[in-house]
Amino acid sequence: MLESIYLREHREEAEQRLTKRNIDAKALLDTARDLDDVRRNTQQDLDARLAELNLLSRTIGDLMKSGKKDEAESARATTIELKGRTATLKDQLDAAEKALQDHLCTIPNAPHSKVPAGRTPEENVTVMQEGAIPELGPDAKPHWELGEDYGILHMDLGVKVTGAGFPVYSGQGAKLQRALIAFFLDKAIEAGYREYIPPHMVNAESAFATGQLPDKEGQMYHATVDGLYLIPTAEVPITNLYRNDLLEASALPIKMVGYTPCFRREAGSYGAHVRGLNRVHQFDKVEIVRIEKPENSYAVLEEMVEHVKGLLRTLELPFRQLLLCGGDMGFSSAMTYDMEVWSAAQQRWLEVSSISNFETFQSNRLKLRVKGDDKKNRLAHTLNGSALALARIVAALMENNQTPEGIRIPKALQPYTGFAMIQK
RNA sequence: GGAGAGGUGGCAGAGCGGUCGAAUGCGGCGGUCUUGAAAACCGCUUUACUCGCAAGGGUAACGGGGGUUCGAAUCCCUCCCUCUCCGCCA
């Protein structure tokens, strides 16, 4: 959620930035301004009345003590009128605050100036591409066929146990998952991240704070009896570790990493492009999260990208880096890079990481601040990125590394898997 | 799930209807003293919103929400959480 004070003091800039999302920024911001004006006027009015009331109450106390009962009684009568007025104003203020809040919730984050304008994924900018595209023979198979052939991935068993989109891994396939998770975690820890194992369910406050509610309500599994949501990403519980915190500047940077399964309903997306592991309801992911001073956040974003590139290089996967255009960016992000790996049998790029700077969009909802040098406390910047999402990495590894002898495991991963080849 | 106790500032811990944003101690910051440090002493030490160029002012906050009252950290209701005991259980 954007700060109303930012919208008030940097109206022009906000409008320019927001326009990149192909939305009617002017109308949204005009409404925000009007609602904010109402809120402030109401508050000023209320505060003034309350000040009067406080003064009167103190006077009554004094009068009572000095035994001037009559004067106290008449003062009391006055307060009753005032009280009615303040009650009305309080209701109005609550309504005004809610109206402003509800409206601000509908405004997406303002894209950074470097974000290209654009409407569709076609307008994303390819920043770089690296790694040799493997040439597979004509009998190359997509990962879901390989998974069956080798007996390591069973989409049908998932259907039996749960439903479509819940993969079951077994044998070397299961070990490969575990190896990747351990590998990604170790690399992040090496890079200075502290590992967390967070809850896999969160309450509504947490889901709101990182931006999943109300924007993506339908995308989360909801345990309605207890009012909890299955996490769609570790970003939610890990970022919320710092909800309602006021940090010393010296506490930053905060670098966290966590592995969790991720649950996504993915309502409405079916078809050829979602076969196998391409899009599933449950997948494993290692997520890195940063809490930073505003002036550092964009340098940190690049640093996180470099970390992910390092992982992809080590896994010997061809990859490319995309800078998302305004129209394709997530609701909460100010700037997002997507990392995609080439899946050789499907002949397509698969998104395996999304790295974003949220600036103060999340921290405003989180109420996550940093103490300033002067008296001013500022909202921190939050960032996060997948490092990495497993299911599609597994898909690409299987497809790209298929050989007549079996599926080759990248060298760096072999100490984790304990084998160099997946075989029948 | 049942019974009981409790939730106050960074921490510990008073307050139990009026001048309490809140005693006191610890911690932290600044100062005096000292060659330096410690000790001692003095002062300061929450946050949000809002008005103001600023200095500074106003309002709110004692787990969350609601109520009683001219006035609530203090009384009442409700929800949440923590602790103890019992039950259940990986």
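Side-chain atoms are counted along with the backbone in the values below, which use heavy atoms only and exclude waters and symmetry mates. All chains are named by letter (A, B, ...) in the order of the sequence lines, taking the proteins before the strands, and each is independently numbered beginning at 1.
Base engagement by A:Gln43 is indicated by at least one non-hydrogen atom pair under 4.0 Å involving a base atom. As judged by a 4.0 angstrom heavy-atom cut-off over every strand, A:Leu46 is placed among residues making no nucleic acid contact. Using a 4.0 Å heavy-atom criterion, one finds that A:Arg378 contacts no nucleic acid atom at all.
Proximity of residues 358-368 of chain A to RNA chain B (heavy atom under 4.0 angstrom from any strand atom) is not detected for any residue. Of the residues in residues 52-60 of chain A, A:Asn54, A:Ser57, A:Ile60 come within less than 4.0 Å of RNA chain B through at least one heavy atom, sorted by number.
RNA chain B is contacted by both A:Arg40 and A:Ile80; A:Arg40 maps to the nucleotide lying nearer its 5′ end (nearest heavy atom per residue). Between A:Lys90 and A:Gly61, it is A:Gly61 whose nearest contact on RNA chain B lies nearer the 5' terminus.
In this structure, A:Glu3 does not pair ionically with A:Arg378, as no charged nitrogen and carboxylate oxygen lie closer than 4.0 Å.
There is a side-chain donor-acceptor pair under 3.5 Å between A:Asn203 and A:Ser206. Between the side chains of A:Gln362 and A:Glu235, a donor-acceptor pair is found at a separation under 3.5 Å.
Between A:His281 and A:Tyr221, the ring-plane angle classifies as perpendicular under the 30° and 60° cut-offs.
Rounded to the nearest Å, the gap between the P atom of B:G4 and that of B:U78 is 13 Å.
In this structure, the side chain of A:Arg365 engages the main chain of A:Phe208 through a donor-acceptor pair within 3.5 Å.
Of the candidates B:G58, B:C51, B:U47, the closest approach to any side-chain atom of A:Ala51 belongs to B:G58. Among the nucleotides B:U47, B:C70, B:U50, the one closest to any side-chain atom of A:Arg369 is B:U47. Distances from the side chain of A:Asp47 to the nucleotides B:U47, B:G58, B:U50 place B:G58 closest.
When the shell of 6.0 Å around CD of A:Glu97 is examined, it contains more than 12 heavy atoms from other residues, nucleotides or ligands.
The phosphate of B:U50 (OP1 or OP2) has no side-chain N or O of A:Gln44 nearer than 4.0 angstrom.
The side chain to side chain contact (heavy atoms under 4.5 Å, CB included) test with A:Ile288 singles out one residue from A:Ile238, A:Val257, A:Asn384, and that residue is A:Val257.
Counting to the nearest Å, the C1' atom of B:G57 and the CG atom of A:Leu50 are 16 Å from each other.
Among residues at least two apart or in separate chains, side chain to side chain donor-acceptor pair (under 3.5 Å) pairs with a member in residues 178-188 of chain A are A:Asp186-A:Tyr416.
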